[in-house]
Amino acid sequence: MKVEIQIDETCTECKIILVARQLTDEIQMLIQSLSEGPAIYLPGFQNEELILLHPRDILRIYAEEKKTIAETEKGRCIIRLTLQEVQTRLISGSFVRISHSEMINLDKVKHFDLSYSGTIGVTMVNGERTFVSRRYVSKIKQTCGI
């Protein structure tokens, strides 16, 4: 996606124009993100306590047993949103989907292992390992410039 910014000192109100061949999921998420404004924190629950999670502290977010889990270096929290809702709220370009049920924070990736045939292994800074599903391999390669 190309981004073009035009500075006009006579402009009195900011205006965004999006030109596309068709309305895609990516564009719909962008529209929704712009409409709602940035989410600064995600509400996480640990033992019935509410913990406000800043996106920069989250390593990965994944679905497990019909629950959405946010993993930080300090532990795991349940987020009472679907993975799709979390993805929409996280405007940060550092979060990327690696499978139908998981997204990772690229800022918290220690390294990628490309030795697996057809997929990519991911090691997070806390030592946790996960894998990019085959469906998302090309997107990860494009995002990382591989």
Side-chain angles (χ1 to χ4, degrees), residues 1-6 13-146:
M1 179 182 299
K2 294 181 182 179
V3 177
E4 183 180 320
I5 298 174
Q6 187 177 38
E13 185 178 12
C14 185
K15 176 174 143 181
I16 297 174
I17 299 173
L18 184 69
V19 179
R21 184 179 307 162
Q22 63 186 15
L23 188 61
T24 64
D25 290 342
E26 182 182 27
I27 292 171
Q28 287 177 328
M29 287 186 341
L30 180 62
I31 292 168
Q32 189 171 357
S33 294
L34 290 170
S35 304
E36 292 177 359
I40 297 173
Y41 294 98
L42 286 176
F45 293 87
Q46 224 175 29
N47 303 324
E48 299 303 317
E49 292 181 348
L50 172 64
I51 299 169
L52 296 177
L53 300 170
H54 196 286
R56 72 172 172 253
D57 298 327
I58 299 171
L59 289 112
R60 64 190 191 118
I61 301 170
Y62 58 95
E64 181 177 85
E65 297 178 5
K66 298 191 183 214
K67 292 181 182 173
T68 304
I69 311 291
E71 184 176 317
T72 69
E73 292 185 61
K74 295 179 181 176
R76 293 179 171 95
C77 296
I78 295 173
I79 296 178
R80 294 182 181 165
L81 300 167
T82 66
L83 201 57
Q84 184 65 41
E85 290 170 330
V86 171
Q87 185 175 358
T88 302
R89 288 186 181 200
L90 293 173
I91 298 173
S92 170
S94 56
F95 282 88
V96 65
R97 199 81 175 245
I98 62 167
S99 72
H100 177 70
S101 60
E102 185 173 3
M103 59 195 313
I104 60 171
N105 184 346
L106 290 173
D107 295 334
K108 300 291 184 171
V109 172
K110 186 174 183 180
H111 61 82
F112 290 99
D113 186 353
L114 304 174
S115 66
Y116 296 96
S117 177
T119 190
I120 299 172
V122 183
T123 302
M124 306 304 291
V125 293
N126 68 345
E128 287 284 325
R129 292 188 44 85
T130 188
F131 292 90
V132 177
S133 73
R134 291 177 185 200
R135 181 178 177 189
Y136 290 86
V137 167
S138 63
K139 183 175 180 177
I140 291 296
K141 285 183 175 183
Q142 179 184 8
T143 301
C144 296
I146 301 171

Decide side-chain contact (heavy atoms from CB on, under 4.5 Å) for F112 and I140; before the verdict, give the C-alpha distance in whole Å, the side-chain angles of both, and the deciding distance to 0.1 Å. CA-CA 10 Å; F112 290 99; I140 291 296; 4.2 Å; yes

So how far is it from [X] [atom1] to [Y] [atom2], rounded to the nearest 0.5 Å?
| X | Y | atom1 | atom2 | result |
| --- | --- | --- | --- | --- |
| T143 | L106 | OG1 | CG | 7.0 Å |
| D107 | I58 | CG | CD1 | 12.0 Å |
| Q46 | I51 | CD | CD1 | 4.0 Å |
| D113 | R129 | CG | CZ | 5.5 Å |
| T123 | K110 | OG1 | NZ | 7.5 Å |
| K74 | D57 | NZ | CG | 7.0 Å |

Side chains of R134 and T119: do they bring a donor and an acceptor to under 3.5 Å? no

Does L42 reach the side chain of R89, with side-chain heavy atoms less than 4.5 Å apart? yes

Is any side-chain heavy atom of I120 less than 4.5 Å from a side-chain heavy atom of K141? yes

Going through the distances and angles, do Q87 and I61 end up as a side-chain contact (heavy atoms from CB on, under 4.5 Å)? CA-CA 9 Å; Q87 185 175 358; I61 301 170; over 6 Å; no

I need the single residue from V109, I104, V132 that forms a side chain to side chain contact (heavy atoms under 4.5 Å, CB included) with V96. Which is it? I104

Closest heavy-atom pair and its distance - [X], [Y]:
| X | Y | result |
| --- | --- | --- |
| L83 | E102 | CD2-N, 3.5 Å |
| M124 | L59 | CE-O, 3.2 Å |
| N126 | T72 | ND2-O, 4.4 Å |
| P43 | L52 | CA-CD2, 4.4 Å |
| N105 | P55 | ND2-O, 3.4 Å |
| G44 | C77 | CA-CB, 4.0 Å |

Does T68 reach the main-chain N or O of L81 with its side chain, forming a donor-acceptor pair under 3.5 Å? yes

Are R76 and E128 close enough for a salt bridge, meaning some N to O gap below 4.0 Å? yes

Answer yes or no: does atom NE2 of H100 have more than 12 heavy-atom neighbours from other residues, nucleotides or ligands under 6.0 Å? no

